[in-house]
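Notes follow the structure.
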Number of protein chains: 2
Amino acid sequence: MVNVLCYPFCERFQRTFAENHFFPWLTLFMKHSTIGNGSNKVTIVDVAREAGVSYATVSRVLNDEPYVKPETRKRVMTALHEMGYVANRQARSLRTGRSEMIGLLVRDLGTGYIGQIISGIDAEIAETDFEMLLFTTHHQALEPEYVATFVGGMADGLLLVLPHNIENYSGLLNQRRYPHVIVDYKGSDKGPAIGADNIGGAITAVTYLASLGHRRIGFITGTLSLTSGVDRLDGYRQAVQSLGLIDDPALIVEGDYHQPSGYSGAQTLLSLPERPTAIFAANDAMAFGAMEAIRDAGLRIPGDVSVIGFDDTPQATAVSPSLTTIRQPLEEMGRQALQLLLTYIEDPERPFEYHELPTELIVRNSCASARNTV
Amino acid sequence: MVNVLCYPFCERFQRTFAENHFFPWLTLFMKHSTIGNGSNKVTIVDVAREAGVSYATVSRVLNDEPYVKPETRKRVMTALHEMGYVANRQARSLRTGRSEMIGLLVRDLGTGYIGQIISGIDAEIAETDFEMLLFTTHHQALEPEYVATFVGGMADGLLLVLPHNIENYSGLLNQRRYPHVIVDYKGSDKGPAIGADNIGGAITAVTYLASLGHRRIGFITGTLSLTSGVDRLDGYRQAVQSLGLIDDPALIVEGDYHQPSGYSGAQTLLSLPERPTAIFAANDAMAFGAMEAIRDAGLRIPGDVSVIGFDDTPQATAVSPSLTTIRQPLEEMGRQALQLLLTYIEDPERPFEYHELPTELIVRNSCASARNTV
DNA sequence: CTGTTAGCGCCTTCAC
DNA sequence: GTGAAGGCGCTAACAG
């Protein structure tokens, strides 16, 4: 009688049923397990009946509660297993107020950049009982407040990956002490956050170029409404000044972290009366665009112009020449963000924390010594 | 009295509350809206009280049911809005048996490839009332049956993006008539699916190379446990034979869709006694690897060896020379997969459908005429 | 140790 | 038109 209740045996169940209409409770069961449409739900009630206990006891076993006679527990466990019971999380969540889900708010999925962060989050989530609920804010321009409230109801915590306008979310979330962590954001003024050492990374990049003899270094900024964009620019400026490099506003052009802006930014830089001997793009995508522009201008990399990026995306090794860049530990950021979030889920009252991960220079082949320094 | 219940005004609420303890029901409300810990739930009961109706009426308004007096409806609507009511989907789902969520089962998120498919799905989801529940099978090697059952309980439909071993899922899902669509899979034998014309694309690629005068074309296969891998190989073979090109088994090396296998595959091909004048990699990632290997061998692209890929990932334009490739409409596949899934959610009994999207040759700069045909 | 019971928030008959 | 009441599947007291 056991196997027929196990979902892989539905067909067999139907046959068996035809032969067993003298089992009155089976008819009852039929109502619950609508074969056709799906669902085929096995609830704790079914399991309880099968194991000959009350469903409260099944619940106890499910939740590893202490006071269950070992023998009973065993009987319930086998019933559970054989019937292919899977808990209904909605019901559990409704009851407990916890959903065992963490929400992920991202702006866009197309980029490998976010993919890497998510990979890290995912890897860490796999170690827990949580599942991942993904929301993109990219297409629909919903009110952040609505999104936050909505997601808040479905998830026990929220990971905001590089949200467009943090302040819109953070007000509500902080005020409610709703567990959340902002990923790739600097500072804990808006809430708990995980970031990378963007200033330090930019300084490292410029210092490296300077060590190769470059004195006129062009910089293509990232999106300046993001802290990473601002910080990388800051780092560039600090390094240029402290190293005594040529400090010309014309050497800074604004980009938006996307490849086309790298292309046009590089074009602008290359058309300067005195063109830079090296270009530092605030991320890899723009560096690729810059490389394209440099080649289209009939110049060679790194012979005529050196290029350095930021992020160390997988494609950095794929381009030719391979891209020297500043590595940002994206996956690790995802992992730590999740870990931090878990601590807030456990104790929402914890004070805000900001963790900054180090960046690292990855030397490849897109930078060379400056041949003719100005 | 209204504003104080609206979530953006919690602080104000606290203050107001201090002044208004003579409103007895407010105290009651406090219990529901625990300010500190979060939740701050506004339920239909709260709204009903505010609007002076029963909560059944609120529910009716929520579900656009006909028999509600316009005036009452209006009153409820304003209460709803001003209190910032957001439905509890778990409760609704528990009651209705529908979750308004669609599950997404992917193996990995790190690649831009899957990112693009998800973008398409996401774009289409944004037009519906559904949300997206993301599961990765990559890390945890859970039993597919368990995953399917589990996800099945939380979502109204399932999108399987390139699952490792479809048969493990498909049996259970089909038998239950659980709405699902397999993305990037060929044929509807295992269930409804969306795929791309991989055979045709591969034929196009080879035909194009042949038109440039190449007769000895190396092929680096994709993962052969995936239908796309098999089909692209098939297409290559068909084209080689029908066009009368050199048909040497040594010209086919096995890859796995990852860049390193493209590198090593190309090395193998280049070290053949008679090396091919063109290399067709079964996807772009391997093509990038192949390009690296070709350059490392001191050869030029496309001067000495032409390279063609498959997929048209964003990076295809970023490499140098830019990669000629076969475009696969990944985003569109995602979109159509979701659309198809919706039809199955509406009618689970629909017969399986398989939609195949066309592929397209994108000519860039990595292929040139064969100089010295063998 | 185990069973009974009361809801979690919502939808949905069924009365009025 | 609207309210009252039952129950989705589950957990968490409270009794035994």
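Letters A, B, ... are given to chains in the order of the sequence lines, protein chains preceding strands, and every chain is numbered from 1.
In this structure, A/Met154 atom CE and C/dC8 atom C1' are separated by 15 Å, rounded to whole Å. Across the protein-nucleic acid pair, A/Gln90 atom CD and D/dG9 atom C1' stand 10 Å apart, rounded to whole Å. One atom, CD of A/Glu65, and another, C1' of D/dT11, lie 8 Å apart when rounded to the nearest Å. Look at CG on A/Asn63: it is 13 Å from C1' on D/dG9, rounded to the nearest Å. Taking atom CG of B/Leu94 as the reference point, atom C1' of C/dT12 lies 14 Å away to the nearest angstrom. In this entry the distance linking NZ of A/Lys69 with P of C/dG3 reads 10 Å, nearest Å. The nearest whole Å value for the distance from the CZ atom in A/Arg75 to the C1' atom in C/dT2 is 11 Å.
Residue-level contact check: A/Ser59 touches the bases, meaning some heavy atom is under 4.0 Å from a base atom. At a threshold of 4.0 angstrom between heavy atoms, the contacts of A/Val53 are confined to the sugar-phosphate backbone, with no base atom among them.
Within the 4.0 Å cut-off from OP1 or OP2 of C/dC10, not a single side-chain nitrogen or oxygen of B/Asn88 is found. Neither OP1 nor OP2 of C/dT12 sits under 4.0 Å from any side-chain N or O of B/Tyr67. Side-chain N/O atoms of A/Arg92 include one lying less than 4.0 angstrom from OP1 or OP2 on D/dT11.
Residue A/Ser93 holds its OG atom at 9.5 Å from CG of A/Asn88, rounded to the nearest 0.5 Å. Rounding to the nearest 0.5 Å gives a distance of 10.5 Å between CD of B/Glu131 and OG of B/Ser99. The CG atom of A/Asp129 sits 5.5 Å away from the CD atom of A/Glu100 when rounded to the nearest 0.5 Å.
Partners of A/Ser170 according to the side chain to side chain donor-acceptor pair (under 3.5 Å) rule, which considers only residues two or more places apart in sequence or in another chain, do not exist here. Among residues two or more places apart in sequence or in another chain, the salt bridge (charged side-chain N to carboxylate O under 4.0 Å, His left out) test is passed with A/Arg75 by A/Glu71.
In this structure, the side chains of B/Tyr178 and B/Leu172 stay at 4.5 Å or more apart for every pair of heavy atoms.
For B/Ala91 and B/Pro70, each mapped to the nucleotide of DNA chain D holding its nearest heavy atom, the one lying further toward the 5' end belongs to B/Pro70. Heavy-atom distances to DNA chain D give each of B/Tyr55 and A/Ile44 a nearest nucleotide, and the one nearer the 5′ end belongs to B/Tyr55.
The side chain of A/Arg95 approaches D/dC10 more closely than any other nucleotide in the set D/dT2, D/dC10, C/dT2. Picking from C/dG9, C/dT2, C/dC10 the nucleotide with the shortest atom distance to the side chain of A/Thr72 gives C/dT2. The side chain of A/Thr96 approaches D/dT11 more closely than any other nucleotide in the set D/dT11, D/dC10, C/dC10. Of the candidate nucleotides D/dT11, D/dC10, C/dG9, D/dC10 has the atom lying nearest to any side-chain atom of A/Thr43.
Looking at DNA chain D, the stems built from 3 or more consecutive Watson-Crick or G-U wobble pairs, each pair with its key distances under 3.5 Å, are C:1-16 with D:1-16.
Contacts classified as salt bridge (Lys or Arg N to Asp or Glu O under 4.0 Å) and involving residues 335-344 of chain A (residues at least two apart or in different chains) are given here: A/Glu124-A/Arg335, A/Glu331-A/Arg335.
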All N/O contacts under 3.5 Å from nucleotides 13-16 of chain D to the protein, with atom names and distances to one decimal?
residue	atom	partner	partner atom	Å
D/dA13	N6	A/Arg60	NH2	3.4

Just list the side-chain donor-acceptor pairs under 3.5 Å for residues 340-347 of chain B, sequence neighbours left out, or say none.
residue	atom	partner	partner atom	Å
B/Thr343	OG1	B/Leu340	O	2.5
B/Tyr344	OH	B/Pro351	O	2.7
B/Tyr344	OH	B/Glu353	N	2.9
B/Asp347	OD1	B/Glu349	N	3.0

